[in-house]
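First the proteins, then the strands, lettered A, B, ... as listed; each starts at 1. The structure presented is a predicted model; accordingly, all values stated were derived computationally and were not measured.
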Number of protein chains: 2
Amino acid sequence: MGRQRGGAEPAAAGARPLRRDAELNRRRILQAGREVFAARGLQATLNDVAHHAGLGVGTVYRKYPDKQALAEAVFGEELDEIAAMAQEARAEDDAFAALAGFLERALARAAHNRGLRELMRHGIIEGAGPARARQEITLHCEHLLARARTQGALRDGVTEADIAPIAAMIDAVMALPAEHPSELWRRYLVILLDGLRAHPHQAPLPSLGGAD
Amino acid sequence: MGRQRGGAEPAAAGARPLRRDAELNRRRILQAGREVFAARGLQATLNDVAHHAGLGVGTVYRKYPDKQALAEAVFGEELDEIAAMAQEARAEDDAFAALAGFLERALARAAHNRGLRELMRHGIIEGAGPARARQEITLHCEHLLARARTQGALRDGVTEADIAPIAAMIDAVMALPAEHPSELWRRYLVILLDGLRAHPHQAPLPSLGGAD
DNA sequence: ACGAAGCGGATATGCTGTATCCGGTTTGAG
DNA sequence: CTCAAACCGGATACAGCATATCCGCTTCGT
């Protein structure tokens, strides 16, 4: 009945607003979560996050009952940002170039975010937020692909289902043992994108489906 | 005749030969190791292996003091087999086709061998045997690439250093969550190989090295 | 047939991540 | 300013897991 939304994020629907310090800490935790998951991947501990945030473990567990919950919040945000990139890309005229640019930007972000990469590979995080963002991204890609096809830039048989594998492959390159943080992945992204582009005398692509 | 070496593998240089049952068990363990590592990856336990071999844990630990030791033995064998494939490939006239064929065969094997794939990615296993086999494979690939280059079939700038990333990428596709054991990876291997082949009007490849 | 070699697997050990609990501290309304 | 509710901190209990050992019993082989 007398329900009111304080803001978009801060407090859940029917709840009383947090005390000022508590709210501040919530943010701190979220930020620490981003940083820690980015650096150490999803196997990082909530205790790690707490320490990184300069807070006690209890504080973190009070806000996020378990790692899953924090991860949902963190990656909900991060995926939303990537979804935004995808949306932006749709403004570009050349659809293929737009897709390529989007992939490059999104993957460049993933390059510095181990947690995000783990998420890309094994779709662990189950929450509603991340799921929605994922769908959004998928949708934007589908549109981009459709338009690229219309523009004659897309190789026959390429579909949205190719995007995830490509991301996974590039991630694999990023995960390769390397001394210096390397930009090597760009080399293979170029090759892969080349493979998606329409070319004069092109062999057909092996099927996607199970029945070959 | 007093003393003679039964075969190449069975016993180490100066040691007394194993009792017949012990030797049999050694083989059983090795075989079980292959199967278990293939199915469950390197995180499988020596206890798992023992159970799979139908033997007690103690028996396994007596032969192989720890997982590392067994893994070295197992993957020494497996990598040798792959090295043999690479050597065979060198007989073919068309060097690029030979390389492509080798990669396909080797990766097809990896497709059913999770442990091998994990090894491909993060070069964990340190032993001498695996290391030698690796080098052998590398060498064969280098020769194949050199010849393909001579034959004008190879894209400019492609080197042996591209092989490992490609393997890693294909592995990533194999590791993708899929209902049925999928042959999807072949699709991307085709694309990747296409990217390594020389083509008429080709953009230069982004550099491999750090200094770009 | 008998001593040596080998086997089995219950179990001790150590480690890691998870999550709780409660005495002390901070906030903010009155 | 006062005080109760809200909140914090982090030591610690707990649970699961892989590793590795130990020793009474079995099998081999001479």
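Other residues, nucleotides and ligands contribute over 12 non-hydrogen atoms within 6.0 Å of the CD atom of A:Q68. By the 6.0 Å contact criterion, CD on B:Q135 is open, its count of non-hydrogen atoms from other residues, nucleotides or ligands being 12 or less. Around the CD atom of B:E88, the shell of radius 6.0 Å holds no more than 12 heavy atoms that belong to other residues, nucleotides or ligands.
Between the CG atom of B:D48 and the C1' atom of D:dC17 there is a distance of 11 Å, rounded to whole Å. B:R40 has its CZ atom 11 Å from the P atom of D:dA18, to the nearest Å. Rounding to whole angstrom units, NE2 of residue B:H51 and P of C:dG9 are separated by 9 Å. If you measure from atom CD of B:Q43 to atom P of C:dT16, you get 18 Å, rounded to the nearest angstrom. What separates CG of B:L46 from C1' of D:dT21 is a distance of 13 Å, to the nearest Å. The OH atom of A:Y64 sits 18 Å away from the C1' atom of C:dT18 (whole-angstrom rounding). Rounded to an integer number of Å, the gap from CZ of B:R20 to C1' of D:dT26 is 16 Å.
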Pairing pattern in dot-bracket form [Watson-Crick, G-U; both distances under 3.5 Å; | = partner strand] for DNA chain C: ||||||||||||||||||||||||||||||

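At C:dT18, one or more side-chain N or O atoms of A:K67 fall inside 4.0 Å of OP1 or OP2 (strictly under the cut-off). For A:T45, no side-chain nitrogen or oxygen approaches OP1 or OP2 of C:dT16 to under 4.0 Å.
With salt bridges taken as basic N to acidic carboxylate O contacts below 4.0 Å, one links A:E81 and A:R109. With respect to A:E23 and A:R19, no salt bridge is recorded, no charged nitrogen being found less than 4.0 Å from a carboxylate O.
Looking at residues two or more places apart in sequence or on another chain, you find no side chain to side chain donor-acceptor pair (under 3.5 Å) involving B:R134. Scanning for ring-ring contact (aromatic ring centres under 6.0 Å, His included) contacts around B:Y188 gives an empty result, with sequence neighbours left out. With sequence neighbours left out, the salt bridge (charged side-chain N to carboxylate O under 4.0 Å, His left out) criterion links A:E35 to no other residue.
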For nucleotides 1-15 of chain D, give me one character per nucleotide, 5' to 3': B if any protein heavy atom sits under 4.0 Å from the base, S if the only such contacts are to the sugar-phosphate, - if neither. ----BBSBBB-----

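Listed by first and then second residue, the salt bridge (Lys or Arg N to Asp or Glu O under 4.0 Å) pairs involving residues 44-64 of chain A amount to none (not counting sequence neighbours).
You'll find that the side chain of B:Y61 is closest to D:dT21, out of D:dA18, C:dT20, D:dT21.
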